[in-house]
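First the structure, in the form of C-alpha cells, and then the observations on it.
None of the values given here were measured: they were computed from a predicted structure. Because only heavy atoms are used, hydrogens play no part in the values below, and waters and symmetry mates are left out as well, while side chains stay in.
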Amino acid sequence: MMSRIVSRVLLLLVGLASSSGVLAYEIETIEPPFWWQGMEHKELQLLVHGDGVGRLTPSVDYPGVSVNRFIRVQSPNYLFVYLDIHESARPGMLDIVFTHGSEGLTQRYELRLKNKDSAHTRGFDSADAIYLITPDRFANGDLANDNIEGMGDQVNRKQLGGRHGGDIKGIVNALDYIADMGFTAIWLNPLLENAMPSYSYHGYSTTDYYKVDPRYGSNEDYRAMVAAARQKGIGVIMDMIVNHIGSEHPWMADMPTADWINNGGRFMPTSHERTALIDPYASQADLKAFADGWFVKTMPDLNQRNPLMADYLTQNAIWWIEYLGLAGIRQDTYPYSDKDYMSEWTRRIMLEYPHFNMVGEEWSNNQPTVAYWQRGKENHDGYVSYLPSLMDFPLQEALRRALTGEGSPWESSWKVLYRTLSNDFLYADPNAMVIFPDNHDMSRIYTQLGEDYDLFRMAILYVLTMRGTPQIYYGTEILMDNRASGDHGLIRSDFPGGWPGDKKNAFTGKGMSRKAKEAQAYVRLLLNWRKAQDVIHTGRLMHFNPLDDVYVYFRYDDDDKVMVAMNKSRKPVELDAARFAEMLDGHATGRDVITGKTLPLSGSITVGGRDVLLLELE
C-alpha cells in the first residue's frame, strides 16, 4: 500500500475571464489513506496535501457521509477536510469532489468496516510476558531491502550507530523461537519511515506517519507479521511517538501552520525537568522550557495544542491499531507532549478500544511523578488520565541498587527494593505496571550487575514473579552485555544468528557459551512456567522485611501460593519457617520450580549461598 502518494492526479483549471493562464493543482497525499465505518468517534479529519490544494473546495455525495467543515491554513499546500461518517454509511468507495470555480476533480476514498471481533485488538495484560526488539538489530530475513535507492544511511554492521539490516521478515522467521521461549507479546521499537541521512536505525525520527520504512518491509508485511504472531499466541505492541518527528519530515520544508512545530520550527533544547508538570510551585517559564523544547536538533518538537495536529496524531494511532490488529501501544517520551492532549489521546483510544492497553514511558525514579499519569489516579491538580500502564522505572532502579549495593551491619541492601515496592499505594493500579530488568536505552542488566551471573538470576526471577507485566529486552536471555561502553549502538548489538554467516547462533545454540545457554534455559523455564500461573498474573502479594541478606515474598490467591526467596549472601541461610506462618500454615512441602525438588516447610528452610528458591506450596 502506498502512503506517501495515496493518489497523484493533476487538475488543470482553465483560467477565467480575469486570467489567460492555466492553473495546476496537484493532490499528492490524503491521510489517513482509508478509514473505517463503525468507529465510536464519527468525525474524520483528512489531511490533503499537494501544490495549491488549499484553494480547493471539497464535497461528498455518499449516503451517510458528509463534509462537516474544511479548514484552509497558512500554507496553500494543505487542506484539512472533516467528514462526518454516520452509522448508516456503508463500506465502499466514496467520491470526494474538489472544485475551484467551475472546474473540479474527483478523488476516490475507501471506507472499510471496523473489525468488531474484540480479539482483533485484545490488549496485553499481566498474564503476558513482553519481548522487546530493536528491529534493525534482531534478525535480517531479507537481504534485498538492506539498502533502498534514494535513502541514505546504508547498511554497515561495523558501525555502532549505523543500520545493520534487521527487518520484519527476520522477526517473522524468529516467531517460533520467541514462542518457544515463553513470550506472549512483542514490543517493537518503531518501524515507520526514518528517511534521515544518518543514525536512523533506532526509528525515533519519523518522516512518514503512515508508512513502514522500506528497509524493514511494507505496511502489508507489518500486518502479516502481526497476524502470524497472533496465530502463535503472541500480541504485538507498537512503539509510537507523538512528541517529535525527524528533521527530514516534509513538514519541515512546508509547515501547514506557523505553530505546527514548537518554537516556530527553531531548535530549543528541552530542560528534561519532568517534575515541573506536577510541581504546584512551578513557573510557566519552566513548564514551557520542558514541554516545548526539542530533544535534539534532528527531532523537531510537535505542537499538540494545535487542534489540527492533535486530530492528525490521534487518528494515526487509531489507524494503526485497527489496520494491524495491535495488542498495545508503547508511547515514547509520554510526558514531553502537551499533557492535556495526552489526556484526550488516551481517552479517544480507550473509547474506541475498551479492552486495549497502552504503556507510557515516564523515565523517572520518583514514584509520585510516574503515578501521576496512570488511569484512575486522583491527582492534586485534578488532572485526568486514561493511560492504563506505565514503565516502572522506579522499581528497575531499586532492583539494580538492591542487587549491586552492599548492606550494613544493621540493614540489608534489599531494603531499597522492599521500600520502593511498599510505595505501591501511590499507583492507581500497581498490577498494570510494566516491569523490566533493562531496555533499549540503558546498559544491559548483565553489565549493570557487573556480569555476576548469580545476581542476574535473581533479577530475572524477580521480574518474572513480581506484580505487573514483565518485559525482557532481546538478548538479555543470553547475557548480552555492553562492557566496552554505554554507547546505545553497542547496547543494541546484533542478536547472534540473526544474520547469514554469523558464527554464533542464539536461535540454535551454535557457538554459544555454556553460560549463555544456561541463562537462556533458565529464562525459558521461568517464562513457560509463568504462562500458566494465574497466581502470578493476578494474585496478591506479601513480602517480608529482608533479614540476613535474604528477601522473601509470596504470591497468593484463593487456590495457590508461591514463595520466592533470594539470598545474596555467599553462605547458605536457614530461614525460620515460623516467621512466615501466615503464608506457610497448612502447607507441608513446596516444590522448587527451578530444580524440581520437594522441600519440607516445617522447622527451617535452607536457601543456598547466592541462590534462589521458587516454591509452589503444596
Side-chain angles (χ1 to χ4, degrees), residues 130-138 160-164 166 185-192 194 196 198-206 237-246 269-274 290 293-296 298-299 301 328-337 358-366 369-370 373 389-401 404 433-449 459 463 468-477 479-495:
I130 302 168
Y131 195 49
L132 167 57
I133 295 173
T134 300
D136 180 67
R137 303 302 175 87
F138 185 59
L160 290 181
R163 283 191 171 267
H164 290 190
I186 304 170
W187 157 21
L188 298 173
N189 287 150
L191 285 168
L192 299 188
N194 271 230
M196 303 290 287
S198 63
Y199 201 64
S200 67
Y201 79 91
H202 53 72
Y204 288 97
S205 298
T206 308
I237 300 166
M238 185 176 180
D239 211 331
M240 291 189 177
I241 315 105
V242 299
N243 178 66
H244 54 264
I245 55 175
T270 177
S271 67
H272 295 289
E273 190 49 67
R274 295 178 295 279
F290 165 67
W294 301 17
F295 262 76
V296 292
T298 55
M299 292 181 175
D301 203 67
I329 291 172
R330 180 266 186 180
Q331 183 60 253
D332 183 62
T333 58
Y334 190 87
Y336 285 77
S337 299
M358 298 178 287
V359 56
E361 180 201 29
E362 165 53 288
W363 194 328
S364 172
N365 295 323
N366 183 34
T369 301
V370 177
W373 301 103
S389 177
L390 287 113
M391 307 300 299
D392 201 338
F393 283 96
L395 199 66
Q396 190 281 333
E397 172 64 10
L399 178 62
R400 181 196 65 79
R401 290 176 59 197
T404 59
M433 303 293 284
V434 173
I435 63 176
F436 52 98
D438 56 14
N439 67 16
H440 60 296
D441 285 328
M442 62 174 64
S443 287
R444 295 278 181 170
I445 188 61
Y446 195 50
T447 295
Q448 291 185 48
L449 300 178
V463 168
T469 304
Q471 167 250 294
I472 302 293
Y473 192 31
Y474 82 94
T476 289
E477 75 273 24
L479 303 178
M480 283 178 63
D481 66 76
N482 56 291
R483 72 185 72 172
S485 77
D487 189 293
H488 282 190
L490 182 61
I491 292 169
R492 307 161 186 168
S493 293
D494 297 346
F495 191 75

Heavy-atom pair with the smallest gap, counting every atom of G203 and P190: O-CB, 3.0 Å
Residues R483, Y446; criterion side chain to side chain contact (heavy atoms under 4.5 Å, CB included); working and verdict: CA-CA 9 Å; R483 72 185 72 172; Y446 195 50; 5.6 Å; no
D239 and L188: CA distance, side-chain angles, deciding distance, side chain to side chain contact (heavy atoms under 4.5 Å, CB included) verdict: CA-CA 6 Å; D239 211 331; L188 298 173; over 6 Å; no
Non-hydrogen side-chain atoms of Y336 and H244 separated by less than 4.5 Å: no
Spacing of F290 atom CZ and E273 atom CD [to the nearest 0.5 Å]: 8.5 Å
Minimum-distance pair of heavy atoms, taken over all atoms of D136 and G162: OD2-O, 3.8 Å
Gap between atom CH2 of W294 and atom CG of N243 - 0.5 Å precision: 11.5 Å
Close side-chain approach of T298 to M196, heavy-atom, < 4.5 Å: yes
Student check: side-chain heavy atoms of R274 and E362 closer than 4.5 Å: yes
Nearest heavy atoms of S364 and N366, plus distance in Å: OG-N, 3.1 Å
M442 side chain near I491 side chain, heavy-atom distance below 4.5 Å: no
Set of residues satisfying ring pair (Phe, Tyr, Trp, His ring centres under 6.0 Å) with respect to H440, sequence neighbours excluded: W187, Y204
Stepwise side-chain hydrogen bond (donor to acceptor under 3.5 Å, both in side chains) test for D481 and T447: CA-CA 5 Å; D481 66 76; T447 295; 4.6 Å; no
CZ on F393 to CG on N365, rounded to 0.5 Å: 8.5 Å
Parallel, tilted or perpendicular, as decided by the 30° and 60° cut-offs, for the rings of F295 and H272: perpendicular
Side chain to side chain, L399 and I445, heavy atoms closer than 4.5 Å: no
Residues S493, R137; criterion side chain to side chain contact (heavy atoms under 4.5 Å, CB included); working and verdict: CA-CA 6 Å; S493 293; R137 303 302 175 87; 5.9 Å; no
Q471 side chain to I435 backbone, donor-acceptor under 3.5 Å: no
Side chains of D301 and T270, donor plus acceptor under 3.5 Å: no
Whether Q331 side chain and M358 backbone form a donor-acceptor pair below 3.5 Å: no
Beyond-backbone contact of L192 with M238, side-chain heavy atoms, under 4.5 angstrom: yes
Flag side-chain contact, heavy atom, 4.5 Å: R330 against V434: no
Working for side chain to side chain contact (heavy atoms under 4.5 Å, CB included), residues I241 and M299: CA-CA 11 Å; I241 315 105; M299 292 181 175; over 6 Å; no
Electrostatic pair R492-D487, nearest N-O below 4.0 angstrom: no
Polar side-chain atom of E477 near backbone of G475 as donor-acceptor pair, under 3.5 Å: yes
Residue of the set D494, N439, N189 for which side-chain hydrogen bond (donor to acceptor under 3.5 Å, both in side chains) holds with T134: N189
H164 side chain near Y201 side chain, heavy-atom distance below 4.5 Å: no
From CG (N194) to CD1 (I245), nearest 0.5 Å: 11.0 Å
Where P470 and G468 come nearest, the two heavy atoms and their spacing: CD-O, 3.7 Å
Taking every non-hydrogen atom, the tightest pair across L390 and V370: CD1-O, 3.6 Å
Straight-line distance of F138 CZ to I186 CD1, nearest 0.5 Å: 7.5 Å
Cation-pi, Y474 ring and R444 (6.0 angstrom, 45 degrees): yes
Approximate separation, where rounding is to 0.5 Å, of M433 CE and T469 OG1: 10.5 Å
All ring pair (Phe, Tyr, Trp, His ring centres under 6.0 Å) counterparts of W373, not counting sequence neighbours: Y334, Y383
